[in-house]
Amino acid sequence: MGMSTLKKILLGAFDYKTEKYVIAESKKVGILYRVIQLCIIGYLIGWVFVTKKGYQAVEESIQSSVMTKVKGVVSINSSDTGFSMWGPEDYVIPPHGDANLFITTNFIETPNQKLDNCAESFKVLDGRCSDDDDCPPGEAVTAGHGIKTGRCLKKDRNDTGTCEIHGWCPVERSQKSNVPQLGKAENFTIYIKNFIRFPRFSFSKSNVLETQDMNYLQRCNYDESVHPYCPIFRLGDIINKTGHRFQDMAQAVSILFVSV
Ligand SMILES: *[C@@H]1O[C@H](CO)[C@@H](O)[C@H](O)[C@H]1NC(C)=O
Ligand SMILES: *[C@@H]1O[C@H](CO)[C@@H](O)[C@H](O)[C@H]1NC(C)=O
Ligand SMILES: *[C@@H]1O[C@H](CO)[C@@H](O)[C@H](O)[C@H]1NC(C)=O
Ligand SMILES: *[C@@H]1O[C@H](CO)[C@@H](O)[C@H](O)[C@H]1NC(C)=O
């Protein structure tokens with residue numbers, strides 16, 4: 001490349017050009033030109049922006065986790081089995097902090113059961129009898145508690161009027177207590193830690209308040225107005241939010257299902 005070529009290129013950079021326009025006074029060409037223009041604009045707005053959302057970036061590998069921890073201890077003084085303590089490891093299923101968990105609120109206790117022969121409950125229709133023939137030996141009681149032994153414990157002999165069964169004796173009592181056994185669970189708390197990260201945007205967020213006060217999480221209970229960033233919720237408050245009373249629910253169902 002000679003010196004003169006280089007000079008030409010350098011000088012060319014400072015040239016000023018104008019363009020020549022050709023105006024075609026033809027309706028056909030004009031309409032075609034506008035139609036092509038509209039097509040391009042329509043493609044950009046309709047397809048690229050509205051349908052494909054080309055201006056948005058989408059994260060496809062979101063990382064998130066939920067951790068829960070229930071706290072609370074209750075003592076139960078039962079007339080049958082005496083005094084017992086219930087902690088989260090007893091009433092929370094599964095106990096290792098899943099996003100979905102069950103909390104026991106009520107239970108039926110039948111102490112000292114053992115494999116034996118005893119009378120079927122009168123509440124079980126298939127267990128009622130008036131004669132030994134009603135209790136064919138070896139047959140399971142439908143919706144009952146064991147296997148018929150072939151004996152009818154007759155009512156006219158001042159007995160239950162039900163078949164004798166082989167099973168876990170005495171049979172389970174069917175009536176629940178009027179007060180939920182774990183009614184105090186209303187005041188138990190559940191700590192919910194929620195974490196989400198969008199690696200593409202290097203952005204992460206957690207529901208736990210970042211505070212210098214290390215004791216804050218030990219003291220607070222979630223409250224819409226006072227502690228909106230406290231991740232500790234009272235079970236009674238959660239049920240209240242669903243429009244029910246905790247004690248009613250604990251009485252009606254034996255297990256509460258919590259899903260975060
Ligand atoms: C449990 O109840 C019985 C009476 O039903 C009472 O004598 C006993 O002191 C109670 N135990 C506790 C630890 O409260
Ligand atoms: C039936 O049992 C009751 C109480 O268990 C007793 O008072 C009654 O005398 C008994 N009747 C007969 C006929 O054994
Ligand atoms: C829950 O705690 C409050 C105050 O600490 C108390 O008044 C209430 O009786 C407790 N509820 C139950 C069901 O124990
Ligand atoms: C929930 O709690 C509020 C405030 O304590 C109370 O006014 C409301 O009656 C409760 N809702 C139910 C269904 O018990």
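Treat the numbers as computed from the prediction; the structure is a model and nothing was measured. Order of listing sets the numbers, starting from 1, for every ligand and every atom in it.
The closest non-hydrogen atom to atom 10 (C) of ligand 4, taken over D248, T242, N240, comes from N240. Between the choices N187, L182, V179, V74, the shortest heavy-atom distance to atom 1 (C) of ligand 3 belongs to N187.
For atom 14 (O) of ligand 4, the closest non-hydrogen atom on the protein side is R245 CG, 3.4 Å. For atom 13 (C) of ligand 3, the closest non-hydrogen atom on the protein side is E186 OE1, 3.5 Å.
Using a cutoff of 4.0 Å between basic side-chain nitrogens and carboxylate oxygens, K241 and E224 are scored as salt-bridged.
Once rounded to the nearest 0.5 Å, the distance linking CZ of R234 with CD of E186 reads 5.0 Å.
A side-chain donor-acceptor contact under 3.5 Å links S225 and D223.
In this structure, G161 and F122 approach most closely via the heavy-atom pair O-CE1, 4.2 Å.
Distances from atom 7 (O) of ligand 3 to the protein include no heavy-atom value under 4.0 Å. Counting only heavy atoms, the protein never gets under 4.0 Å from atom 4 (C) of ligand 4.
Outside the 6.0 Å centre-distance limit, the rings of F188 and W86 are not counted as a close aromatic pair.
Interface atoms of ligand 4 facing G243, defined by a heavy-atom separation under 4.0 Å, are 13 (C). Listed by number with element, the atoms of ligand 3 under 4.0 angstrom from any heavy atom of Q247 are 13 (C).
Test E120, Q113, E172 against H145 for side chain to side chain donor-acceptor pair (under 3.5 Å) and you get one pass: E120.
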